[in-house]
Amino acid sequence: MSSAAGEGPVRTLTYREAVREALCEALREDDRVFLMGEDVGRYGGCYAVSKGMLEEFGEERIRDTPLSESAFVGAGIGAALGGMRPIVEVMTVNFSLLALDQIVNTAATLLHMSGGQFSVPLVVRMATGGGRQLAAQHSHSLEGWYAHIPGIKIVTPATLEDARGMLRTALEDPDPVLIFENVMLYNLEGTLAENAGAVPIEGARVLRSGEDVSLITYGGSLYKTLEAAEALQSEGVTADVIDLRSLRPLDDDTILASVRRTRRAVIVDEGWRTGSISAEIMARIGERLFWEMDAPIERVCSAEVPMPYARHLEEAALPSVPEIVAAAMRTQSRAG
Amino acid sequence: MSSAAGEGPVRTLTYREAVREALCEALREDDRVFLMGEDVGRYGGCYAVSKGMLEEFGEERIRDTPLSESAFVGAGIGAALGGMRPIVEVMTVNFSLLALDQIVNTAATLLHMSGGQFSVPLVVRMATGGGRQLAAQHSHSLEGWYAHIPGIKIVTPATLEDARGMLRTALEDPDPVLIFENVMLYNLEGTLAENAGAVPIEGARVLRSGEDVSLITYGGSLYKTLEAAEALQSEGVTADVIDLRSLRPLDDDTILASVRRTRRAVIVDEGWRTGSISAEIMARIGERLFWEMDAPIERVCSAEVPMPYARHLEEAALPSVPEIVAAAMRTQSRAG
Amino acid sequence: MSDARHAGPDLPDRDDALALLRGMLLIRRFEEKSAELYTQEKIRGFLHLYIGQEAIAAGAIGVLRPEDAIVATYREHGHALARGISADAVMAEMFGKVEGCSLGRGGSMHIFDAATRFYGGNAIVGGGLPLAVGLALADKMQNRSRVTACFFGEGAVAEGEFHESLNLAALWNLPVLFCCENNLYAMGTALERSESEVDVSLKAASYQIPAWPIDGMDVLAVRDATRRAVDAVRQGGGPYFLEFRTYRFRPHSMFDAELYREKDEVETWKRRDPIPAFSTRMFDAGVVAPEDVAMLETDVEGEIDRAVRFAEEGTLEPVEDLLRHVYTERTEP
Amino acid sequence: MSDARHAGPDLPDRDDALALLRGMLLIRRFEEKSAELYTQEKIRGFLHLYIGQEAIAAGAIGVLRPEDAIVATYREHGHALARGISADAVMAEMFGKVEGCSLGRGGSMHIFDAATRFYGGNAIVGGGLPLAVGLALADKMQNRSRVTACFFGEGAVAEGEFHESLNLAALWNLPVLFCCENNLYAMGTALERSESEVDVSLKAASYQIPAWPIDGMDVLAVRDATRRAVDAVRQGGGPYFLEFRTYRFRPHSMFDAELYREKDEVETWKRRDPIPAFSTRMFDAGVVAPEDVAMLETDVEGEIDRAVRFAEEGTLEPVEDLLRHVYTERTEP
Ligand SMILES: Cc1ncc(C[n+]2csc(CCOP(=O)(O)OP(=O)(O)O)c2C)c(N)n1
Ligand SMILES: Cc1ncc(C[n+]2csc(CCOP(=O)(O)OP(=O)(O)O)c2C)c(N)n1
Ligand SMILES: [Mg+2]
Ligand SMILES: [Mg+2]
């Protein structure tokens, strides 16, 4: 699905492997880097991302933690202050709620409270998203929610390039970066340049260009959106597809440049509709391009319901390709 | 500042007293109701709201808790399931982050996960907001952020009537209701009808009517907004002022009816700008009234910075009357 | 309590022994069937089997009265069945059918049942403990002599919610029975790799809660300890903590490659399988005969087959109802 | 350690005694001045005074080396001064001036200083403990023999973060010195109303961390215990826990009506005021003379006056800089 940008030699791998490569590279190249979290070591990672890494790097650097989300996220902050470059894996975003105090009240505020003295070069990775019938406590998509918090950065690698390349840049960042990996992407297969490496963690990317509408999305919804764009094409509607890549900061320039041209936009995200990141993007477009829009901005989000277990209900709750197509088509019809 | 709606006899009291009256009434009239939280008893409440209540109701029903936010909020959920009507006071929204797992993963999901079997008639009260120079860890305004979560209700009493009347209705609600009391309001003095009692917890209220712009706000920003409306009037611009009262659910009808008429809107809220509740309201207006708007919707929010201690910086970070006036004036000038 | 551990509980009579055995067998076969149905993709999501730990649910839950409450985890089919929730309702739940005990909205990890006061089915490790404290608080405030039994794994001991909840329960003298099922692993993390103090009972005792380790592979020991504990709790003695030492024979969930433990260790524990251990003991004591077990097996098989059929034949909730059960449905006055 | 508690530490010499006394006096007078400035509205927000607890900061922090780290709470002026952060910088911080140690962005609750490895100033009860664990983890992983001293009140013991952090520190054998200042109250909540087990050291010991109660009103006892503990930690012995038994003489903050404790109790404790207790003892032993104290008082007064002047004369950060320090400012390459 995903493909390498450059021209050089490429290879096939999964998103999971791309993340693992990035982790291994970071640990190999910088002694200060270590991975810490529940079951990252012996078990090989809940989603098998860190499988085999314990053998290569040892248990000090592939550090299994007890079930103590708040303490080990906080310990990550402390270790970052102490000169290390910790990568804390919170198994899934669902459990990160137990560590939210450390993230919001400490990681995000420390630099500011100390008048600029203490930067927190912490990377937190977590799996996010629904779609695996894991029901109401295991299917949150809260990355857009986290984007409300000043002092942290939120990135959402959706492509193999980003899975492979964002970690490195996040580790070089002096401030806390939260990386959200959508659970549905781990098995995604694609090609990647042999020499794929670090990529910026800021800035959106236009993955497909069109004239009639801007489809704006990120993470797990990217492939649905690309599929929708394909379907729209066959209806004669061509679409820009923007992968936001970073939710905080948002890349206003790329979003506005696209929408200014297409004059119509659909935002797709897996957060619950009310207060999702789509609302923020709609607000920004409205603020900046009010006079230029040809149709109300549409959004396709998750239904406002804790995720049901039953498959047909979960499917109905999540954004779908037909919904995206329908929303895009609505932007094409004139008048109110 | 605040004044009684009806015609009957009135009396003067503070917002704090109105909340206390509501609490006392609830405890007197229903044996199942009790108040639990840090320092609600012996200390008299961090903001002196429950002062004197221990003496009247005893320590079983005015229940001091240890510093264990997650456990006592969770115990509130359990007690609600067990037939009680707990009012859990989380001292301030800042500490509620420690209890977020219980709120989001249990209180908000239990009814759904159980297929409709277990309602959670829990009321959680917390103080919210900045403005008292309490700096980055003690000045959050996260009520709009909480409004993202399906399964809970979010209310923000801004007037004496609501401080006095929403609690009762919240206690009668079968689902979790979070009541956010802005810290700057506790000393607010006003009049209230002698017989003031329960008021609905849903539905916005138009507190002032005008023709030229809709000023939409809630909680601590209400009085700034009313002041701005007064100032605007002297510039010949008349404004609707809407007190949202409830952030989840939002009262679309009242918002849309007003904006449909004024064709211009300013949202004022104390949340950090990105992803604040104002974004959601802007999104909804854009979705429904795209063709009817005469100007881009404006918002006045908090600056995207952890709250600085220094007074002049805190003041600059929070929404202010001049900013609201300026935003409203911007909506009055035609063309882009 | 210590007496009990040394002398050992009395031998059960035939009916009693058969009931205990049936209880364990039902869970075992139900779980085996669930594993099968998972590979057939009839059951989806996460599936955590209780195989190896049956003596705990079967031994402990029988002691509770109907008015008592239960709080459990995502590994809770055993507790649900032991509590008397029908295999039909649990199976249908895992099939995502309306006939499931949670309408199919919960799935394997979220079994709920108001009729038997079964409060889930919590998939957040440690998340159920505060809930149990609150249920017990409600009982205490309403002067009811009910007990809330809260089951959780030893992995939960590291969570802040464990600490806060035990303190609250002890401080307020609440009728909670904490049942820690120490199966030595939290996913792939062995207890000694997650706790500085591996004696879980000792940890609990530091809250001034009476706490005992119990052989969780011995259904009689489990029942006996639970009886004494429940009696103490019901009489207003405050919370009680039982650490059931046990082992899960299967992977953590259906996704687990079991890299973290030796096959040998698993085999050693399997030799202590609570079901043959108990039946052999009953054979030896002449309380139960091998034919009885064969009959129980047939009976249980029938019950499970019916449950699978029930689940298969169940209906899916209409998609139009997606948004239901987010807020309580009230009939307007 | 128990030896030390029985035999008592050696008598200090004159310079040493004067330094200890000056350390305590500086904090006491600084806090008294702060209270005054608060009523004048020069200092705003929340203000938590350390009066009564001076022996702890003065006694313990002197033991640390420059390369060691400190994590503290919102009641941290004493620790900051004891660590050698200038009264100027702390006072200016509370005035909200750029010359303050946190640029005036932090205020009374958020004193930070990179030069002395003073990591705040955390206003979330219990929030500093995980941080301390992480700082110690960094030292251990980098093979540095540094100690992280983490100060917190007994109220924090009920928090989940306390539990999780102690376990992590012990499990990983990290160089953290946990310093619990048990002043018997968390705001208005007495220890016995918040903990089922009121022996805080016993609680800590349940994580297999060596833990001792120390008389926190005796600066020599504090210092002696801290020395031994720090030595053990620095030598790789893992974490250590000291419970300093103390009392705060003033209200929790400037908003506290003190409804929860008797005047008598406060007066009883004031008779154990660590400053006169120590100076009297030094007079009696002939180590220090009353005139010395008078000189120290004058000296301290001067230092504080200068600090107030410094703060008064300080500058406000330009409002245009509001959005600074949210993210690290990098000079583009
Ligand atoms: C707060 C939280 N963190 C992590 C997980 C992921 N997880 C699910 S089960 C489990 C292990 C729990 O072990 P234990 O408590 O011993 O119970 P067991 O599975 O052995 O029955 C983990 C880490 C979770 N569900 N909740
Ligand atoms: C998580 C959290 N909950 C509540 C508060 C409000 N609060 C501030 S200080 C305090 C009491 C803390 O007592 P203790 O830990 O004993 O420290 P002391 O104030 O006695 O020094 C409380 C409840 C807080 N700051 N953080
Ligand atoms: Mg386990
Ligand atoms: Mg205290």
Side-chain angles (χ1 to χ4, degrees), chain B residues 37-48 50-52 54-55 59 63-72 74 91-92 94-99 101-102 130-140 186 272-273 302-318, chain D residues 43-46 74 93-98 100 102-110 120-127 153-162 185-191 193-196 252-253 255-261 316-326:
Chain B
E38 289 159 14
D39 289 304
V40 296
R42 293 283 185 290
Y43 191 91
C46 179
Y47 292 101
S50 51
K51 202 162 151 182
L54 176 66
E55 289 67 34
E59 61 182 33
R63 186 173 284 266
D64 279 324
T65 64
L67 279 143
S68 304
E69 287 79 3
S70 197
F72 71 72
M91 197 180 275
T92 77
N94 312 286
F95 318 140
S96 75
L97 297 178
L98 288 160
D101 167 61
Q102 287 295 325
R132 300 188 46 166
Q133 287 192 254
L134 301 183
Q137 295 182 323
H138 272 60
S139 306
H140 299 317
Y186 285 125
W272 289 303
R273 185 182 185 91
S302 278
E304 309 224 25
V305 57
M307 196 61 79
Y309 162 71
R311 182 181 205 148
H312 64 299
L313 295 180
E314 179 173 53
E315 274 171 6
L318 291 168
Chain D
I43 299 175
R44 309 290 301 239
F46 282 159
Y74 48 86
E93 183 59 35
M94 297 199 289
F95 274 60
K97 301 290 178 73
V98 195
S102 307
L103 287 186
R105 299 226 169 200
S108 161
M109 303 197 288
H110 304 300
N122 196 314
I124 303 297
V125 172
E154 88 297 336
V157 172
E159 289 283 2
E161 292 187 336
F162 169 89
Y185 292 91
M187 285 186 63
T189 303
L191 181 58
R193 298 176 45 75
S194 69
E195 287 294 333
S196 58
H252 167 73
S253 71
F255 293 107
D256 171 7
E258 286 188 276
L259 305 171
Y260 49 85
R261 62 184 188 181
L316 294 176
E317 216 181 344
V319 173
E320 304 76 69
D321 286 357
L322 175 63
L323 297 182
R324 290 184 60 186
H325 309 305
V326 181

Could you tell me whether the side chain of B/His138 and the main chain of D/Phe46 form a donor-acceptor pair under 3.5 Å? no
Mind ranking D/Ser194, D/Ala190, D/Gly160, D/Ala257 by heavy-atom pairs under 4.5 Å with chain B and telling me who comes out on top? D/Ser194
Sort out for me which of B/Lys51, B/Glu38, B/Glu69 touches chain D most, counting heavy-atom pairs under 4.5 Å. B/Glu69
How many angstroms lie between OG in D/Ser108 and CD in B/Gln133, if you round to the nearest 0.5 Å? 11.5 Å
Excluding sequence neighbours, so at least two apart, what forms salt bridge (charged side-chain N to carboxylate O under 4.0 Å, His left out) with B/Glu59? B/Arg42, D/Arg193
Mind telling me whether B/Tyr43 and D/His252 have parallel, tilted or perpendicular rings, with 30° and 60° as the class edges? perpendicular
Decide whether D/Thr189 and B/Asp39 meet the rule of one side-chain donor and one side-chain acceptor closer than 3.5 Å. yes
Between D/Met187, D/Glu195, D/Arg105, who has the most heavy-atom pairs with chain B when the cutoff is under 4.5 Å? D/Met187
Rounded to the nearest 0.5 Å, the CG atom of D/Asp321 sits from the CG atom of B/Leu313 at a distance of 8.5 Å
Let me confirm one number: the OH-CZ distance from B/Tyr309 to D/Arg44, rounded to the nearest 0.5 Å. 8.0 Å
Using every non-hydrogen atom in the two residues, find where D/Leu323 and B/Ala303 come nearest and quote the distance to one decimal. CD2-CB, 4.0 Å
What closest approach, in Å, do D/Leu322 and B/Pro308 show between heavy atoms, and which atom pair accounts for it? CD1-CG, 3.9 Å
To the nearest 0.5 angstrom, please state how far the CG atom of B/Leu98 sits from the CD atom of D/Glu161. 5.5 Å
Among D/Leu103, D/Leu191, D/Leu316, residue most engaged with chain B (heavy-atom pairs, under 4.5 Å): D/Leu316
Chain B contacts, top residue of D/Glu258, D/Glu159, D/His325 (heavy-atom pairs, under 4.5 Å): D/Glu159
For the pair B/Gln137 (side chain) and D/Ala123 (backbone), establish whether a donor and an acceptor sit closer than 3.5 Å, ignoring hydrogens and angles. yes
Ignoring hydrogens, what is the shortest heavy-atom contact between B/Ala136 and D/His110? Give both atom names and the distance. N-NE2, 4.5 Å
Are the side chain of D/Tyr260 and the backbone N or O of B/Gly41 linked by a donor-acceptor pair below 3.5 Å? no
Pick from D/Val125, D/Asp256, D/Val326 with the largest number of heavy-atom pairs that fall under 4.5 Å of chain B: D/Asp256
Work out which heavy atom in D/Ala158 is nearest to a heavy atom in B/Ser68; give both atom names and the distance. O-OG, 3.0 Å
Restricting to side-chain hydrogen bond (donor to acceptor under 3.5 Å, both in side chains), what partner residues turn up for D/Tyr185, sequence neighbours left out? D/Glu265
